[in-house]
Amino acid sequence: MPSSPPPEYPSRTPMTSPARARSPRGDFAARLLAWYDRHHRHLPWRIPPRAMAAGERPDPYQIWLSEIMLQQTTVAAVKPYFETFVRRWPTVEALAAAESDEIMKAWAGLGYYSRARNLKRCAETVAAADGGRFPETMAALRELPGIGDYTSAAIAAIAFDEPAAVVDGNVERVVTRLEAIERPVREAKQDIRGIVQTLVPPSRPGDFAQAMMDLGATICTPRRPACAICPVSDDCKARLNGDPERFPLKPPRAERPQRLGAAFVAERADGAILLRKRPTKGLLGGMSEVPTSGWSARIDGDDRVDAAPFDARWRPAGSVQHVFTHFALTLSVYHARHDGSAPPDWWWAPRADIHSEALPTVMKKVIEAAIPGAIRKPTRNGASR
DNA sequence: GAACCGTGGCT
DNA sequence: TAGCCAAGGTT
């Protein structure tokens, strides 16, 4: 435990003086930030506290990009995508000028594809605005597509030092445990935001936000939290009560219905595969796919070969299972050699380019089932792995 | 306000 | 293994 807070965070008089509290709430931010200074995660988009103290500031473009990618997505999954995007589109102007198709291709596999469509729209808006600079306040950021309560607060705090209350899933968990909040998080959201707002320090609000999230990700974890090494455990009512893992309270999730369908992989003599584009809105909106039947909500869905988009020697090639957020899908896969012409707006994707098409993971599974090895990424020497 | 919207890792 | 969970937003 740090014996003295940094000079920029003088201890304040505790708001209350509970007899047992060893750590008055006025110290909360100081103790959390002292922990963050020593134990922060090293992330590609983050400026570490030492560099922040030297006056360095993060690139608002990179903070925005990382925050969009991190929505409901793990840090590990985001890292390689973030590196690719920043290398390929180093500025918001570059991203705004990119073809939508190229952005969808680069986003393929990361999920929640409306994020990629909104990313492009947001980049265009920002690039067209005065100087191509991001708005610097939470309120103004909140107006941009794909940016809601959490993301606007996070960008404002991290990139622009606004003392905004940043509340994500990590912070909800930390706060519901600190206060032993017995109501479902859905209902307690506003209270949580209010509590966080009282804790945000006037300086280093961005580090504070990131510290809360790092704490949630590494110490105050959903299961088996490491209370013994938590820098704010003295403040934690859930720990005092003995069962922090019980928080946050969440209602049981609804059952996932099962859907059924068929997918058709047409392969040309040269190995090219027939693809088409899905509608812009809805599930996998704007992404590419092989032709499929509808995905019936009924267990006796249209998974038979007579659902094929055209006549060919379709041969069964197994089935693919995939779990989406709100339903599970089983696709019967069919494969055919086919050299006929493609319907308008469909295209033959050369085998060498398949890995870079805007194919969602479920479609990569389908193609792999029909043609094992088809998705492999070429290596630098031109061979296939 | 509730439903919709992906994917991969972990237990 | 089957469910839970992850730096949520839009409709």
J.: Please determine whether a side-chain nitrogen or oxygen atom of A/Gln71 lies at a distance below 4.0 Å from atom OP1 or OP2 of C/dG8.
T.: no
J.: Would you please confirm or rule out a distance under 4.0 Å between OP1 or OP2 of B/dC4 and any side-chain N or O of A/His326?
T.: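 False: A/His326 side-chain N/O out of range (4.0 Å or more) of B/dC4 OP1/OP2.
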J.: Would you call the rings of A/Trp64 and A/Phe134 parallel, tilted or perpendicular if under 30° counts as parallel and over 60° as perpendicular?
T.: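 If you compare the ring of A/Trp64 with that of A/Phe134, the planes turn out tilted.
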J.: Using the P atom in both, what is the distance from C/dG9 to B/dG8, to the nearest Å?
T.: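 It comes out at 22 Å once rounded to the nearest Å.
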J.: With nearest nucleotide decided by heavy atoms, which residue, A/Gly148 or A/Pro252, maps closer to the 5′ end of DNA chain C?
T.: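 Result: A/Pro252.
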J.: Return the value, rounded to whole Å, for the distance between atom CZ of A/Arg115 and atom P of C/dT10.
T.: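 Taking CZ of A/Arg115 and P of C/dT10, I get 12 Å after rounding.
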J.: Would you mind classifying the nucleic acid contact of A/Arg46 as base, sugar-phosphate or nothing, using non-hydrogen atoms under 4.0 angstrom?
T.: base
J.: Rounded to the nearest Å, what distance is computed from the CZ atom of residue A/Arg253 to the C1' atom of nucleotide B/dA3?
T.: 13 Å
J.: The side chain of A/Thr74 is closest to which nucleotide in this list: B/dG8, B/dA2, C/dT10?
T.: B/dG8
J.: Taking atom CD of A/Glu255 as the centre, report whether more than 12 heavy atoms of other residues, nucleotides or ligands fall under 6.0 Å from it.
T.: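 Incorrect, the count does not exceed 12.
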J.: Reckon A/Ile158 touches a base, only the sugar-phosphate, or nothing at all at heavy-atom distances under 4.0 Å?
T.: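 Answer is nothing: A/Ile158 stays at 4.0 Å or more from every strand.
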J.: Tell me the interatomic distance from A/Leu329, atom CG, to B/dC5, atom P, rounded to whole angstroms.
T.: 13 Å
J.: Nearest whole angstrom, please: distance from the P of B/dG9 to the NZ of A/Lys79.
T.: 14 Å
J.: Do the side chain of A/Arg256 and the base of C/dA2 come within less than 3.5 angstrom through a donor-acceptor pair of N or O atoms?
T.: no
J.: Does a nitrogen or oxygen in the side chain of A/His322 sit under 4.0 Å from OP1 or OP2 of B/dG6?
T.: no
J.: Looking at the side chain of A/Leu283, which of B/dG6, C/dA7, B/dT7 is the nearest nucleotide?
T.: B/dG6
J.: Can you measure A/Glu255 atom CD to B/dC4 atom P for me and round it to whole angstrom units?
T.: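 In whole Å, B/dC4 P and A/Glu255 CD are 15 Å from each other.
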J.: Atom CH2 in A/Trp347, atom CG in A/Asp353: separation rounded to 0.5 Å?
T.: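 Spacing of CH2 (A/Trp347) from CG (A/Asp353) equals 12.0 Å.
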J.: On DNA chain B, check which nucleotide each of A/Arg223 and A/Gly111 is closest to and give me the residue with the more 5' one.
T.: A/Gly111
J.: For A/Ser66, report the nucleic acid contact type (base, sugar-phosphate, nothing); a contact means any heavy atom under 4.0 Å.
T.: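 No contact at all - A/Ser66 keeps every heavy atom at 4.0 Å or more from the nucleic acid.
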J.: For the pair A/His322 and A/Phe324, name the ring-plane relationship: parallel under 30°, tilted 30 to 60°, perpendicular over 60°.
T.: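 Perpendicular: the ring planes of A/His322 and A/Phe324 meet at over 60°.
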J.: How long is the line joining NZ of A/Lys364 and P of B/dG6, in whole Å?
T.: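 Those two atoms, NZ and P, are 15 Å apart.
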J.: If only side-chain N and O atoms count, and only distance matters, is there a donor-acceptor pair under 3.5 Å linking A/Gln71 with A/Arg115?
T.: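 Not at all, the side chains of A/Arg115 and A/Gln71 share no donor-acceptor pair under 3.5 Å.
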J.: Please report the distance, rounded to the nearest Å, between CZ in A/Arg173 and P in C/dA6.
T.: 5 Å
J.: Can you see if the side chain of A/Thr73 gets near the phosphate of B/dG6 - specifically, an N or O under 4.0 Å from OP1 or OP2?
T.: no
J.: Reading DNA chain C from 5' onward, which residue's closest nucleotide shows up sooner: A/Met213 or A/Arg142?
T.: A/Met213
J.: For B/dG6, does the base pair up with any side-chain atom of A/Thr325 as donor and acceptor (N or O, under 3.5 Å, distance only)?
T.: yes
J.: Would you say A/Tyr112 places a side-chain N or O within less than 4.0 Å of OP1 or OP2 belonging to C/dT10?
T.: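 Result: no.
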J.: Which part of the nucleic acid does A/Val166 contact within heavy-atom distance under 4.0 Å: base, sugar-phosphate only, or nothing?
T.: nothing
J.: Taking the P atom in each of C/dA7 and B/dC4, what is the distance between them to the nearest angstrom?
T.: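 Straight-line distance between the two P atoms is 25 Å.
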J.: Within the structure shown, what part of the strands sits under 4.0 Å from A/Gly109 by heavy-atom distance: base, sugar-phosphate, or nothing?
T.: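 Answer is sugar-phosphate: A/Gly109 comes under 4.0 Å of backbone atoms only.
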J.: Should the pair A/Trp348 and A/His338 be assigned to parallel (<30°), tilted (30 to 60°) or perpendicular (>60°) ring geometry?
T.: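 Rings of A/Trp348 and A/His338: parallel, as their planes differ by under 30°.
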J.: Using a heavy-atom cut-off of 4.0 Å across all strands, would you classify A/Leu284 as base, sugar-phosphate, or nothing?
T.: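 Sugar-phosphate contact only.
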J.: What's the CZ-C1' distance between A/Arg259 and B/dC5, to the nearest Å?
T.: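 So the two atoms are 12 Å apart, to the nearest Å.
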J.: Heavy atoms only, 4.0 Å cut-off, all strands: where does A/Trp45 land among base, sugar-phosphate and nothing?
T.: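 The answer is base, as A/Trp45 lies within the cut-off (heavy atoms under 4.0 Å) of a base atom.
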J.: Crowded around A/Glu182 CD? As in, over 12 foreign heavy atoms under 6.0 Å?
T.: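 More than 12 within 6.0 Å, yes.
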